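Worksheet: one structure, shown below.
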Amino acid sequence: MTRQMTGAEMVVQALIDQGVDTVFGYPGGAVLPIYDAIFQQNNIKHVLVRHEQGAVHAAEGYARSTGKPGVCLVTSGPGATNAVTGLTDALLDSIPIIVLTGQVPTFMIGSDAFQEADTVGITRPCTKHNWLVKETAALSSVLHEAFHVATSGRPGPVLIDIPKDVQFASGTYNAPQPSTSHYQPTVKGDISSITELVEAMEKAERPLFYTGGGVINSGPAASQLLRELVAATNFPITSTLMGLGAYPASGENWLGMLGMHGLYEANMAMHGCDLMINIGARFDDRITGVISEFSPNSTKAHIDIDPSSINKVIRVDIPIVGDVGHVLEDLMKVWKSRGRKTNSAAVGNWWSQIKAWQTIECLKFTQQGKVIKPQYALSRLEALTKKHDRFITTEVGQHQMWAAQYLGFEDPNRWMTSGGLGTMGYGFPASIGVQMGHPESLVINVAGEASWLMNMQELGTAMQYNLPVKQFILNNERLGMVRQWQELLHGERYSSSWSESLPDFVKLAEAFGAKGILCSDPDDLDEAIMEMLNHDGPVLFDCLVEKHENCFPMIPSGKAHNEMLLGDADTQGAIDAKGSVLV
Amino acid sequence: MSDLNLKKGSSAKSAYNLRPNFSDIVERHTLAVMVENEPGVLARVIGLFAGRGYNIESLTVAEVDHEGKLSRITIVTTGTPQVIEQIKAQLGRIVTVHDVHDLTVEGPSVERELAMFKVAGDGEKRVEALRLADIFRANVVDSTLNSFVFEITGAPEKIDAFADLMRPLGLVEVARTGVAALSRGG
């Protein structure tokens, strides 16, 4: 179907044709024609955020929770530069989002015009791809191609910069066609490599699945296949922060999260395994610890859709480039056709070893006295909400790690957190995006007070659209993770890591017309959480917690997986000078 | 691609060339990168090298297929085998990159570079410069009473050697194009 329309109308039509129902944005001079086109239609709902960073994080939350790409619309100059943090966040966590930016008219580009910025130049390193569209005739095909690029292969953020005169001018609109561009990433894995992995699985004595966000990005079918594979082989499974929910936390083979603040048994299994099967993870430095001592005795297989992930950090023995879902499907077929073999006796011994590690109970804590332990707060939140149709977002820091440790995720797309970039201020706008995609579900943002303040302006957005997002703030009046590192690495000199002049969060909520709840007594906690759940509207839950609690287990910088700190008693001299320069 | 005399075979999108080589020896590789000739494509490639800390010893770029809107970027880079593999994979994931060819490993290839040398001097030195230029098959493209501009084409090593010889004879200025390279055979 081809039709004549203005560039601004093309933007709206392309979004409709691509199945977009929600756009997060903020208007300004250079996008007024598009806002005018949005005003004159009813297919797409526009959510007015309070800051462009919020728009991008909201789109990320929407994308991660729905499996569909998120869309943002912002103006030129400051609108575009404010989107940069969100774009980088989406790039590191492989989240498909499409950011549309207005630009000064083509004839003014390069003249330092009002609100002009070199948007494609600034965002080139923080997008998967970007375009400056200088002719209305090219606009519809670029819009459709942007969706193709954002969602194909390893997903990621893309940006389209649209000058104002291109929005005003008329041209021919082309409806979406299957992409004919050169960019068509391989999804099928090489069958001989898959067979090689199956052979290794048949012989392995101490196998381990190490899964990541790639399983979730591959779609629900990939998570289902993973569950079948784990059940059929009885191999233990651990996951990165990004992959939580692909395998259920209640599953029998689940070891919990691995990595810097991962579980003791998961990290010990990584260190001790003889076959590591990495599925959609990328050997991030939060996972590996010191490279030279990373899982020294294992054969390593790596399934990843991005060839550049292979051998980037860790040299692997069996690389398989392909989409997780496709590769697992072939893997199952090959494994079944060869007789469903595993070395079950050896794997049984391996499980005995793992069960011994599990008796350490590395997440055990004791709630005593009148101060709420953050671990206790999250345990209660878990107990009181796990039966709900629940989505969790987080900010970044100690609370994020505790949330990953103490909350259980049974399904993919239920856990939205800033893993790669570690963006404080991510969680609140992300929760808004999640709630837009799931209006009837319970959406909770587990936050720290400092992170939450970074995008607190979005409380206005939550109120305007009546989004009942629950902001569960673990308030220790500290930048807890910074404080923890200063304690361990910098001689307990707490440089700028406490939160002074904090607002009264209850009054702050009320100033926006939202509900505020303050809880400081462990005996009141359950009742307060129930009050939060029962309120139909946004809630700011100010949970005052122990101020000096540290997050354990912890693999200190420069150490290996088997050198975890399990509690405060282990911390003396744990990090040497070489480790202290690492982040 | 047959028009462009590029060898079929391994590209960065293939897993086969991702098997690690465990050497830590720094190697020099010549890469031919076929890119869509669109605004900003060179910035993407250069930005990748700058952002990830890879070396560029030489880089040349020009459109080679006007109809297909394809440009060829020839990059000479150095790194350990792991870094070289990573460079190729990172180049391959740029959306507008069509193919990455490692001419150093994909069979024999020829490399040529064009350079211009300005050499100033009188008397014996001037005569000697002209004599050496003749031996190296360099052409005189400009001459004054006390200077020459030589044009020379060849492998980078030949140009390095010529530069070494011209230096004591009054070398004033050098301009080099960087390497263009093609695989040998059909």
Side-chain angles (χ1 to χ4, degrees), chain A residues 109 118-134 138 142 145-146 148-150 152-154 156 158 161 179 181-194 196 300 302-322 327, chain B residues 1 4 6 10-24 31 33-54 65 67-71 79-100 102:
Chain A
I109 287 176
D118 175 10
T119 300
V120 286
I122 290 167
T123 60
R124 202 173 283 127
C126 62
T127 51
K128 184 176 172 185
H129 196 63
N130 62 14
W131 296 262
L132 168 63
V133 182
K134 288 187 167 176
V142 169
E145 181 66 10
H148 169 68
V149 170
S152 312
R154 181 177 182 171
V158 299
D161 200 25
S179 169
S181 77
H182 180 82
Y183 184 73
Q184 307 290 343
T186 315
V187 292
K188 294 283 274 187
D190 172 53
I191 204 75
S192 64
S193 301
I194 290 173
E196 199 180 332
K300 297 175 185 75
H302 189 183
I303 302 168
D304 201 301
I305 199 160
D306 180 356
S308 76
S309 290
I310 310 278
N311 293 332
K312 181 169 69 178
V313 180
I314 297 291
R315 291 164 173 173
V316 297
D317 306 287
I318 309 173
I320 302 172
V321 175
V327 172
Chain B
M1 299 303 290
L4 302 163
L6 279 184
S10 70
S11 79
K13 292 196 173 66
S14 157
Y16 296 114
N17 60 358
L18 297 174
R19 301 284 171 145
N21 181 329
F22 293 89
S23 168
D24 284 323
L31 308 177
V33 188
M34 301 304 299
V35 299
E36 268 167 51
N37 189 10
E38 57 136 46
V41 66
L42 184 60
R44 287 182 208 284
V45 170
I46 294 172
L48 169 69
F49 276 74
R52 294 187 185 262
Y54 305 141
D65 177 359
E67 242 168 58
K69 289 189 177 169
L70 286 176
S71 288
T80 62
Q82 195 182 1
V83 168
I84 299 283
E85 287 309 314
Q86 189 57 206
I87 290 172
K88 289 189 274 182
Q90 292 289 350
L91 284 168
R93 74 202 278 253
I94 295 175
V95 169
T96 41
V97 167
H98 282 219
D99 274 300
V100 181
D102 186 342

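Note on naming: letters A, B, ... go to the chains in the order of the sequence lines (proteins, then strands), and numbering restarts at 1 for each one. Please read all numbers here as calculations on a predicted model, not as lab measurements. Both backbone and side-chain heavy atoms feed into the values below; hydrogens, waters and symmetry mates do not.
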For Arg154(A), the salt bridge (Lys or Arg N to Asp or Glu O under 4.0 Å) test, sequence neighbours excluded, returns Asp306(A)

His129(A) meets the ring pair (Phe, Tyr, Trp, His ring centres under 6.0 Å) criterion, sequence neighbours left out, with Trp131(A)

Separation between NE2 (His98(B)) and NE2 (His182(A)), nearest 0.5 Å, reads 5.0 Å

Hits for side-chain contact (heavy atoms from CB on, under 4.5 Å) against Ile122(A), two or more places apart or cross-chain, chain-then-number order -> Thr81(A), Val84(A), Ala117(A)

Separation between OG (Ser308(A)) and NZ (Lys88(B)), nearest 0.5 Å, reads 14.0 Å

Turns out that what part of Val313(A) lies under 4.5 Å from chain B's heavy atoms comes down to backbone

Would you check if the side chain of Glu85(B) reaches a backbone N or O of Asn311(A) as a donor-acceptor pair within less than 3.5 Å? no

Against chain A, residues from residues 42-54 of chain B with at least one heavy atom under 4.5 Å, in numeric order, are Ala43(B), Arg44(B)

request  = Taking the side chain as every heavy atom from C-beta outward, state whether Pro307(A) and Arg93(B) have any atom pair closer than 4.5 Å.
outcome  = no

Counting heavy-atom pairs under 4.5 angstrom with chain B, the leader among Leu132(A), Asn130(A), Val149(A) is Asn130(A)

